[in-house]
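The sequence lines fix the lettering, A, B, ..., with proteins before strands; numbering per chain opens at 1.
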Amino acid sequence: MKKYIIKRIIISVITLVVILLVLFLMLELMPGSPFNDEKLNEAQKAVIRAKYGLDKPIFVRFLNYIKAMLSGDFGVSYTISKNTPITTLLQSRLPISLRIGGQAILIGTMIGLTLGIIAAIKHNTIYDTITTVISVLGVSLPSYVFAMTLIYSMGFKLKWFPLLYQMDAPIYSSVLPTVSLCMFTVATVARFTRTEMLEVLGSDYMLLAESKGINSFHLIFKHALRNALIPIITVLAPLVVGLMTGSLVIEKLFSIPGIGSLLVSAIQSNDYNVVVALTFIYSLMYIGIMLVVDILYGVIDPRIRLAKGDKNE
Amino acid sequence: MNNKDFEFLPNDFELVGQEKILINDETFAGQSYWRDLLSRFTQNKGAIAGLIFIVLVIIMAIFGPKISGHTYDAQIITHQNLAPRIQGIEKLGIFDGSEEMNTSTGTKLQNKYISEDTTVTTGLEKVYYWFGTDVLGRDIFTRTWTGTRISLYIALVAVLVDMCFGMIYGLVSGYFGGKVDMVLQRFAEILNGIPTLVIVTLLILVIKPGLITITIALAITGWIGMSRIARAQVLKLKEQEFILASKTLGAKNLFIIFKEILPNIFGQLIVMSMFSIPNAIFTEAFLAFIGLGVPQPLASLGSLISDAFKSFTTHPYMIVFPVIVLAVIMLSFNLLADGLRDAFDPKMKEM
């Protein structure tokens, strides 16, 4: 187990370093230099380079770069909000994105689990069909289609919810974004829960438990669901990816001042520093979650933990 | 089950006579693998529907832009914001070119093709736009099917990347094992650790947004899932007797990989590549939506939806058709992939 966790951590760290290296090299290879002023002579340029540490070998500069990135020093924004440190931009925006993402994954997982369990228990009935239709639709339709349908019907026609995010009503105005963002989660979790539950319900130990006379509540939640939940953890990683990409579009549609909409506008206005900082943060979150999921999976499923090679990957 | 006390009565059991256990032997005609596959596939209604819709969409993508009589990039200023109007059906009261306009006093039906005052001509009485026109006066019907071509191109790229790169990567990694496997797998793991979103973003900083950028992004990340499946399948097969037999007969590694192993796992690989198609189309539609798709005046379904969104509270018809086509494509490929998976291996779990 220890070996497995250490291996996972090492791979995560290497991945992070690779991303940092790519970001650093892109910065190095970008055309242009701040010292192109013709009035500067070579000696003056050398002094400026020494001041900013640009005279050091590339390896040392890379280490400094890593140090700066990890300590949260991302530099300043060029175009979006001129000369504001990016850390300041993030301080107000990151919590909003995390909250809406968290709401979506929490609510989505709960609805998905419920739908999946109902579909499995009432296999081949109308409930099963409804769940299948919901899950196929949820996987097939991009989240912005849901968002636009919701905006048009509940926002524009019925006027139940605001069309745009309002800072003074954070819960009320995040209802529509959360619902449209969690559709993908609902669909994936429901689909997966249904298959896993069906398999567990058909297994011999369930038959044994049933013939021993255990009541159906205990049967479903204590015996079936616990075993069905193990593989469901593996879909958490793709869900997080879905949420990340989904949040970009949803935040743009609802004008939510989060990091997703910040990244979109940064890409569109070529604000290099902001793009790099957000890229780094997205990677950090993604790698972190992947690591936790992998370790969690190893802890829960002994077959992974005990496997010598990588045969179960 | 209830814990009742059971009591056996004398007539609970009966003697099974010899004449009753005689069962006539039933014989079935032998079926070839492909025939079996086909029959299992055709029993799946969803998959057949998916296949039919994909064929229809492909036909429309090829011929659609030619049959409307308009081009995808011609702008006619007098033809702005026209609602859908189709010959023949217009008499039924639908698709007659009228749309509801929201005004301060409520909604009002408006038809821009034919003016209410019969003495004034709009010059549009003989003009038909089947899906309507956008804010620049371009035909949405032609643009939708031109955009569909891009989605189908993306689907093709996804399959090619899977087949050419992911498959070979997985086969080699699984077959040779040992150090080769170790190096290849660590590389794939590291690449897999970088979110696709980040790779696309970084690519866009270097290259301009467009079809080439999206193709490269798919080529970088699209093959990892496929390589994993291929590798897992090879690991299952490579210790089996027929491989050993082939080796004993002096077969070369390449021969074993492509002639012995590949035909046995090809079904699963096709299924896997079908599943990557909706993902790839999804990625393109998403990129187009945040403004990183194909440059104007070209259209993709994602960019059409994105453009139409800007005016979708006033002219909802602009967004409806691209969304429907996109949804149909995604749904059909998902259903087809589901059906293929069940046909190739009924026991295979959902991935």
Pairwise side-chain contact, F309(B) with L253(A), heavy-atom cut-off 4.5 Å (strictly under) | yes

Got a sec: does the CZ of F176(B) have more than 12 other heavy atoms crowding it under 6.0 Å?
-> yes

Any chance CD1 of I212(B) has more than 12 other-residue heavy atoms, nucleotides or ligands included, within less than 6.0 Å?
-> no

Which bit of Y144(A) comes within less than 4.5 Å of chain B, counting heavy atoms only: side chain, backbone, both or neither?
-> side chain

Contact class of L291(A) relative to chain B, heavy atoms under 4.5 angstrom | neither

Structural part of I329(B) lying under 4.5 Å from a heavy atom of chain A | neither

With a 4.5 angstrom heavy-atom cut-off, could you sort out which part of L16(A) is near chain B: side chain, backbone, both or neither?
-> neither

Answer key: most heavy-atom pairs under 4.5 Å with chain B among K252(A), M285(A), M148(A) is M148(A)

Check step by step if side chain to side chain contact (heavy atoms under 4.5 Å, CB included) holds for I319(B) and Y152(A).
-> CA-CA 12 Å; I319(B) 209 163; Y152(A) 191 72; over 6 Å; no

May I ask you to name which of V276(A), V18(A), V249(A), V136(A) has the most heavy-atom pairs under 4.5 Å with chain B?
-> V249(A)

Honestly, the part of M290(A) sitting under 4.5 Å from a heavy atom of chain B is side chain

Which atoms of I199(B) come close to chain A, meaning under 4.5 Å heavy atom to heavy atom: side chain ones, backbone ones, both, or neither?
-> neither

Side-chain contact, heavy-atom cut-off 4.5 Å: L137(A) with L331(B)?
-> yes

